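As the structure is a computational prediction, the values presented were derived from the model and not from experiment.
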2 protein chains.
Amino acid sequence: MSEKQDTKSRILDAAEKLFGLKGFDATSLRDITAEAQVNLAAVNYHFQSKDSLIDAVIARRIEPVNRRRMEMLDAAGSHPNLKQILTAFLAPVLDQDLGSVVPLLGRMMSDPTQFVEKVFRKHLAQISQRFQEALQEQLPELAPAELLWRTHFTVGVMTHLMSLSQVLPALTGGLCDISDRQALIERVVTFAAAGYRARAAEPALTEGKG
Amino acid sequence: MSEKQDTKSRILDAAEKLFGLKGFDATSLRDITAEAQVNLAAVNYHFQSKDSLIDAVIARRIEPVNRRRMEMLDAAGSHPNLKQILTAFLAPVLDQDLGSVVPLLGRMMSDPTQFVEKVFRKHLAQISQRFQEALQEQLPELAPAELLWRTHFTVGVMTHLMSLSQVLPALTGGLCDISDRQALIERVVTFAAAGYRARAAEPALTEGKG
DNA sequence: GTCTATAGGTTGATAGAC
DNA sequence: GTCTATCAACCTATAGAC
């Protein structure tokens with residue numbers, strides 16, 4: 001759409017695209033400035049360092065997602081049910097641009113190297129707490145640790161969808177089409193909600209038939 | 001245990017550890033040879049290129065996992081139930097060394113760049129087909145595409161566990177302890193089995209209360 | 001703000017002695 | 001098989017002209 005953009009935005013757009021496509025380490029500043037059609041020195045002028053650029057690229061996309069999550073959770077009232085909570089958590093992510101934002105967020109979520117410091121503590125700790133409380137209210141019989149495990153599992157479903165979003169059609173011979181967002185979100189929510197509601201295994205008993 | 005190892009194995013061990021810790025791109029051959037305490041040129045002598053080394057590192061760990069998966073699936077008889085199928089698929093992965101193999105497999109599964117060619121087509125396509133058939137037999141009411149989606153979700157749960165295995169205790173304030181493998185496997189199987197069994201959403205209807 | 005030029009370091013890979 | 005030495009290419013970052 002917009003023919004002309006300022007240098008800073010062009011760099012952010014190009015970085016986002018390439019980080020998602022090739023990963024943070026495999027993308028050089030030269031790759032980015034070539035894609036953005038700006039001068040190499042512009043990156044350091046506007047963002048000081050590659051590491052700060054990564055921070056900026058991530059923050060630009062995760063913060064609006066988190067705001068939308070809170071909006072949707074609030075909109076569901078003071079006692080949102082399980083599917084409303086899960087939808088508020090997942091939909092804002094899966095509704096993003098499949099060509100750049102989704103792969104970027106996938107890289108961000110699945111790279112353990114600096115995930116704790118760069119992503120979780122800065123952007124996810126607070127909102128996770130809020131959703132965890134809402135979930136616990138709907139699932140009072142679930143021990144907090146068990147609830148946390150299942151949230152970790154659900155985040156895994158979401159993360160893997162984002163990481164492999166670009167290759168999923170090829171992987172499944174076209175059977176899994178990721179472009180219908182609404183259907184995808186409902187699918188994930190259905191799957192995760194059933195997982196949350198599963199009766200926790202009782203370690204002391206011999207296991208029953210599956 | 002083994003004090004003395006041949007150069008080739010030392011390189012594989014060091015590469016596995018560092019690839020898991022820092023990722024494929026961020027790990028240089030010099031990092032690897034320093035860790036393995038071997039000469040830099042030894043890598044190219046034994047493995048030709050970094051890319052071939054990555055292949056070798058992956059193949060060494062995924063192939064035994066796949067053999068074990070098939071063993072467990074076969075051991076469950078000709079009509080394994082859902083939990084038996086899921087356990088056969090997940091347990092051989094989650095039972096691996098948490099300090100090196102699990103993080104490596106996590107990197108491998110969550111890097112979309114060459115996942116299709118380097119990992120899926122070479123190591124996962126065939127076994128996926130076999131498990132998909134077993135699952136379909138137990139879940140005949142589920143459309144093949146829907147089944148595939150849920151398998152993708154389940155692989156996401158597994159992958160995210162592997163990717164963040166090193167940081168999960170720190171992330172959850174120690175609440176989620178990954179060292180009890182048996183309990184973890186049961187937790188994942190319980191969650192995924194419930195997800196597989198969830199009634200598929202019917203797009204035409206207005207949604208019921210969650 | 002944008003550019004050129006370049007510093008200073010790392011990378012994967014190889015040639016050739018032993 | 002293992003080593004030293006090295007190449008050519010690449011990297012991030014910055015200094016300084018405009």
Nearest-angstrom distance from the residue atom [atom1] of [X] to [atom2] of [N]:
X: A:I11; N: C:dT2; atom1: CD1; atom2: C1'; result: 11 Å
X: B:Q37; N: D:dG1; atom1: CD; atom2: P; result: 20 Å
X: B:D31; N: D:dC11; atom1: CG; atom2: C1'; result: 15 Å

Ring of A:Y196, cation from A:K83 - is the NZ or CZ under 6.0 Å from the centre and inside 45° of the axis? no
Does B:N39 have a side-chain nitrogen or oxygen under 4.0 Å from the phosphate oxygens OP1 or OP2 of D:dG1? no
I need the full list of ring pair (Phe, Tyr, Trp, His ring centres under 6.0 Å) pairs touching residues 83-115 of chain A, with sequence neighbours left out, sorted by first then second residue. A:F89-A:F131
May I have all residue pairs that pass salt bridge (Lys or Arg N to Asp or Glu O under 4.0 Å) and include part of residues 145-158 of chain A, sequence neighbours excluded?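 Residue pairs passing salt bridge (Lys or Arg N to Asp or Glu O under 4.0 Å), neighbours aside: A:E146-A:R150, A:E146-B:R187.
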Under a 4.0 Å heavy-atom criterion, the protein footprint on nucleotides 12-18 of chain C, written with B, S and -, is BBB----
For A:D51, all residues meeting side chain to side chain donor-acceptor pair (under 3.5 Å), sequence neighbours excluded: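 If we apply the side chain to side chain donor-acceptor pair (under 3.5 Å) test to A:D51, skipping adjacent residues, the hits are A:K118.
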Please list all pairs passing the side chain to side chain donor-acceptor pair (under 3.5 Å) test where one or both residues lie in residues 93-109 of chain A, with sequence neighbours left out. A:E16-A:S100, A:R107-B:D111, A:R107-B:T113
Pairs meeting criterion side chain to side chain donor-acceptor pair (under 3.5 Å) with involvement of residues 166-179 of chain B, two or more places apart: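 Non-adjacent pairs meeting side chain to side chain donor-acceptor pair (under 3.5 Å): B:D177-B:S179.
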